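Given the structure is predicted, the values throughout are model-derived calculations rather than measurements. Whatever order the structure lists them in is the order used to number ligands and atoms, beginning at 1. The figures that follow rest on heavy atoms only: side chains count, while hydrogens, waters and symmetry mates do not.
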Amino acid sequence: MSTMQEIAECLIKGQAPKVKELVQCAINNGVTPGQVLTEGLIAGMNVIGERFKKNEVYVPEVLIAARAMHAGLGVLKPLLAAAGVEPIGKVVIGTVKGDLHDIGKNLVCMMLEGAGFQVIDCGIDCTPEKFIKAATDNGATIIGMSALLTTTMPSMKAVCEALAQAGLKGKIKTMIGGAPVTQRYADEIGADGYAPDAASAVDIAKQLMRN
Ligand code: B1M
């Protein structure tokens, strides 16, 4: 098994110290940070994402794999920055105003980071102003919103409306998700994308980058 495959395998098993060690070893042996990221860490997270979609693994396994990914990323991040490796896109994400649930949102952040996106996490209880300021300040082209309460879903509509009022609709795409949220609701409020789970959120974000 190659070192890259070994990194991916250990990430899938959630072996954070081993992933960190293998990443450092690969770097010491002259593998580029970009290659370790795509062929080791991202490859491993992709497998976790697919298994999560098929209900072959659950939230705890994803969290443990994400922790391993972060251990490897800790070694790579300064090297990636120095090598000028660009993220595949920038996503601002948060739980909408009035809503404090963040477990699902955090999973989405981890999967997006695992896929090579730069994620700007605005946390919970985010106003439309906070989402939009974070996106414009950081040059993000996607705003991701999470809601777990039926009573806070209208906050997603408020963000879409505020974006339109600011003349940013189309320039900054919107993606929504959370247990009570549906594709139908996304269509109703004019959101650009909906994802039922964290792994699908990666597919939708990639799709929004292309359109
Ligand atoms: Co809350 N809560 N809660 N709660 N809570 C629910 C959501 C509820 C369904 C429980 C119930 O009544 N059966 C209910 C909502 C009813 C409704 O409106 N439909 C509810 C309620 C009512 C409340 C309070 C009002 C309770 C009270 O105080 N009376 C209160 C509200 C507080 C507030 O937000 N203002 C409240 C509080 C809390 C806690 C603080 C105790 C805690 C949150 C802790 C935290 O998040 N840090 C909590 C929890 C844990 C839950 C349950 C048990 C679990 C939610 C969760 O984390 N699921 C939940 C009941 C349940 O679901 N069984 C419940 C796991 C998570 C991985 O799934 O978030 O759906 P989920 O994320 C998924 C997908 O939805 C998707 O990907 C994720 C991973 O696959 N996804 C996205 C999520 N965001 C996405 C964004 C995307 C794309 C995909 O793009 C950007």
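- For atom 61 (C) of ligand 1, the nearest protein heavy atom is 4.0 Å or more away.
- Per-atom contact check: atom 20 (C) of ligand 1 touches the protein, criterion being a heavy-atom distance below 4.0 Å.
- The environment of NZ in Lys157 is sparse: at most 12 heavy-atom neighbours from other residues, nucleotides or ligands sit within 6.0 Å.
- When all heavy atoms are compared, the tightest approach of Val36 to Ile7 is CG1-CD1, 4.0 Å.
- Around atom 1 (Co) of ligand 1, protein N, O or S atoms at less than 2.8 Å number 1.
- Residue-to-ligand polar distances keep Leu107 apart from ligand 1: every N/O pair is separated by 3.5 Å or more.
- For Pro180, the closest heavy-atom approach to ligand 1 does not fall below 4.0 Å.
- When every heavy atom of Asp121 is checked against every heavy atom of Asn106, the shortest pair comes out as OD2-OD1, 3.9 Å.
- Listed here is the closest heavy atom pair of Cys160 and Thr174: SG-OG1, 4.0 Å.
- When only non-hydrogen protein atoms are considered, atom 46 (O) of ligand 1 lies nearest to Asp102 N, 2.7 Å.
- Within a 4.0 Å radius of atom 77 (O) of ligand 1, the protein contributes one or more non-hydrogen atoms.
- In this structure, atom 84 (N) of ligand 1 has protein heavy atoms in its sub-4.0 angstrom surroundings.
- Protein heavy atoms all stay at least 4.0 Å away from atom 28 (O) of ligand 1.
- Considering both main-chain and side-chain atoms, Thr151 never comes within under 3.5 Å of ligand 1 through any nitrogen or oxygen pair.
- In this structure, Pro196 has a heavy atom closer than 4.0 Å to ligand 1.
- Distance screen at 4.0 Å: atom 24 (C) of ligand 1 has no protein heavy-atom neighbour inside the cut-off.
- The N/O atoms of Gly98, backbone and side chain alike, include one that comes under 3.5 Å of an N/O atom in ligand 1.
- Using a distance-only test at 3.5 Å, with no hydrogens or angles considered, no donor-acceptor pair links the side chain of Tyr194 to the main chain of Tyr185.
- Counting heavy atoms closer than 4.0 Å to ligand 1, residue Ile176 contributes backbone atoms (N, CA, C, O) but none from C-beta onward.
- Using a distance-only test at 3.5 Å, with no hydrogens or angles considered, a donor-acceptor pair links the side chain of Glu61 to the main chain of Tyr58.
- Considering each of Gly178, Ser200, Gly144, Ala198, the one bringing a non-hydrogen atom nearest atom 79 (C) of ligand 1 is Ala198.
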Audit row: Val47, Glu9, side chain to side chain contact (heavy atoms under 4.5 Å, CB included) steps and yes/no: CA-CA 9 Å; Val47 174; Glu9 276 303 316; over 6 Å; no
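- Heavy-atom proximity to Asp99, at under 4.0 Å, picks out these atoms of ligand 1: 34 (O).
- Of the options Ile103, Leu112, Leu100, the smallest heavy-atom separation from atom 34 (O) of ligand 1 is shown by Leu100.
- For atom 10 (C) of ligand 1, no protein heavy-atom neighbour is found at a distance under 4.0 Å.
- Remark: distances from the non-hydrogen atoms of Phe52 to ligand 1 include one below 4.0 Å.
- For ligand 1, none of its N or O atoms has an N or O atom of Asp197 under 3.5 Å away.
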